[in-house]
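The structure under discussion appears below in the form of structure tokens.
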Amino acid sequence: MNKITIAIDGFSSTGKSTLAKQLAKKLEYVYVDTGAMYRAVTLYAMQNGFVNEGHVDTKGLLNDLDKIQLKFVFNSDMGFAEMFLNGKNVEREIRTLDVSKNVSQVAEIKEVRSKLVSLQQDMGKDKGVVMDGRDIGTVVFPNAELKIFMTASPEKRAVRRYKELLDRGEVVKYEDILENVQKRDYIDSHRENSPLTKAKNAIEFDNSDMGLEQQFERIYEHTLRVI
Ligand code: C5P
């Protein structure tokens with residue numbers, strides 16, 4: 001079968017990563033969660049005093065950009081790759097609400113994006129990759145053979161995210177999650193550099209009222225038409 005590039009973009013907590021992981025497993029492709037990369041840079045910025053409550057010391061962070069090393073390491077027990085920041089597994093830390101509150105502000109910075117986009121292009125250069133994010137079909141792989149753009153109502157997405165965080169043992173309020181989801185949507189789609197937008201040839205997919213199985217079947221059908 002022909003190996004292709006699959007780009008899955010969309011708003012926060014639309015279930016992109018769950019679907020992308022499933023699809024990569026089924027096709028025996030590599031899965032790349034680009035949100036994890038922006039989250040890891042944000043964690044570094046938080047740990048080093050370059051960002052606090054959404055205010056970024058851009059100059060300070062950019063001075064340190066070369067010191068930030070990101071690596072995905074496959075965890076065979078979990079069945080997916082985990083994010084390592086400068087040699088340390090940060091998979092849990094990058095998923096907290098604190099990181100979510102700062103990540104969109106860090107992801108607005110042009111130089112941060114250039115660094116991560118070039119890493120992403122390198123990871124996907126041999127095709128056979130499912131990559132999810134905000135700018136995969138528009139900027140990272142504009143020639144991807146299959147592009148999916150996922151949406152769902154903010155409330156549905158906030159409920160999903162809320163449950164996920166509770167399951168992980170984080171103490172959070174639903175209202176805070178909803179506010180964060182909406183704020184990130186706004187910043188991600190209005191920023192100057194690579195704003196979140198649907199690529200012209202992307203298939204739009206609203207999963208507000210769809211179960212996981214049905215979503216997977218629909219996307220897999222589209223995939224089979226392309227490979
Ligand atoms: O996908 P996830 O919600 O983990 O992404 C976290 C944040 O990282 C997004 O809200 C967005 O600000 C940023 N991001 C981005 N471009 C990507 C992936 C994520 O700007 N390709």
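Values below: every heavy atom of this structure, side chains too, minus hydrogens, waters and symmetry copies. Indexing begins at 1, ligand by ligand and atom by atom, following the structure's order. In what follows, residues are counted from 1 in the order of the sequence shown.
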Does Phe74 CZ have over 12 foreign heavy atoms under 6.0 Å away? yes

Does atom CD (Glu179) have a neighbourhood of more than 12 heavy atoms from anything else shown, all under 6.0 Å?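 Not more than 12 within 6.0 Å, no.
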
Write out the residue and atom name of the closest protein heavy atom to [atom], then the distance separating them to 0.1 Å.
atom                   : answer
atom 6 (C) of ligand 1 : Arg184 NH1, 3.4 Å
atom 4 (O) of ligand 1 : Arg39 NE, 2.7 Å
atom 2 (P) of ligand 1 : Arg134 NH2, 3.6 Å

If every non-hydrogen atom of Val172 is compared with every non-hydrogen atom of Tyr162, which pair is closest and at what distance?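 Heavy atoms only, the tightest pair is O-CE1, 3.4 Å.
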
Considering all heavy atoms of both residues, which atom of Thr138 and which atom of Asp9 are nearest to each other, and what is their separation?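 Heavy atoms only, the tightest pair is N-OD2, 4.5 Å.
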
Would you check the N or O atoms of [X], main chain and side chain alike, for any that come under 3.5 Å of an N or O of ligand 1?
X      : result
Ser13  : no
Asp33  : no
Thr34  : yes
Asp135 : yes

Counting heavy atoms only, which part of Arg157 comes closer than 4.0 Å to ligand 1: side chain, backbone, both or neither? neither

Please work out whether any backbone atom (N, CA, C, O) or any side-chain heavy atom from C-beta onward of Arg113 is under 4.0 Å from ligand 1, and answer side chain, backbone, both or neither. side chain

Less than 4.0 Å between a side-chain N and a carboxylate O, is that true for Arg95 and Glu164?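 No, this pair does not count.
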
Would you call Lys115-Glu111 a salt bridge at under 4.0 Å N-O?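 Looking at Lys115 and Glu111, the cut-off is not met.
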
With heavy atoms of [X] as the reference, note each atom of ligand 1 found under 4.0 Å away.
X      : value
Val103 : 6 (C), 7 (C), 8 (O)
Asp188 : 9 (C), 10 (O), 11 (C), 12 (O)
Ala107 : 12 (O), 13 (C), 20 (O)

Take every heavy atom of Arg191, measure it against each atom of ligand 1, and state whether any distance is under 4.0 Å. yes

Do we get Lys21 above Phe80's six-membered ring, with its NZ or CZ under 6.0 Å from the centre and within 45° of the axis? yes

For residues 201-213, please give each side-chain donor-acceptor pair under 3.5 Å, one per line with the distance, not counting sequence neighbours.
unit_1: Asn201; atom_1: OD1; unit_2: Lys147; atom_2: NZ; d: 3.1
unit_1: Asp206; atom_1: OD1; unit_2: Ser208; atom_2: N; d: 2.8
unit_1: Asp206; atom_1: OD1; unit_2: Ser208; atom_2: OG; d: 2.7
unit_1: Asn207; atom_1: OD1; unit_2: Arg160; atom_2: NH1; d: 3.4
unit_1: Asn207; atom_1: OD1; unit_2: Arg160; atom_2: NH2; d: 3.4
unit_1: Asn207; atom_1: ND2; unit_2: Thr14; atom_2: O; d: 2.7
unit_1: Asn207; atom_1: ND2; unit_2: Gln215; atom_2: OE1; d: 3.0
unit_1: Ser208; atom_1: OG; unit_2: Ser153; atom_2: N; d: 3.1
unit_1: Asp209; atom_1: OD1; unit_2: Lys156; atom_2: NZ; d: 2.8

Do Asp188 and Ser104 pair up side chain to side chain, a donor and an acceptor below 3.5 Å, judged on atom types alone?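 Asp188 vs Ser104: donor-acceptor pair found between side chains.
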
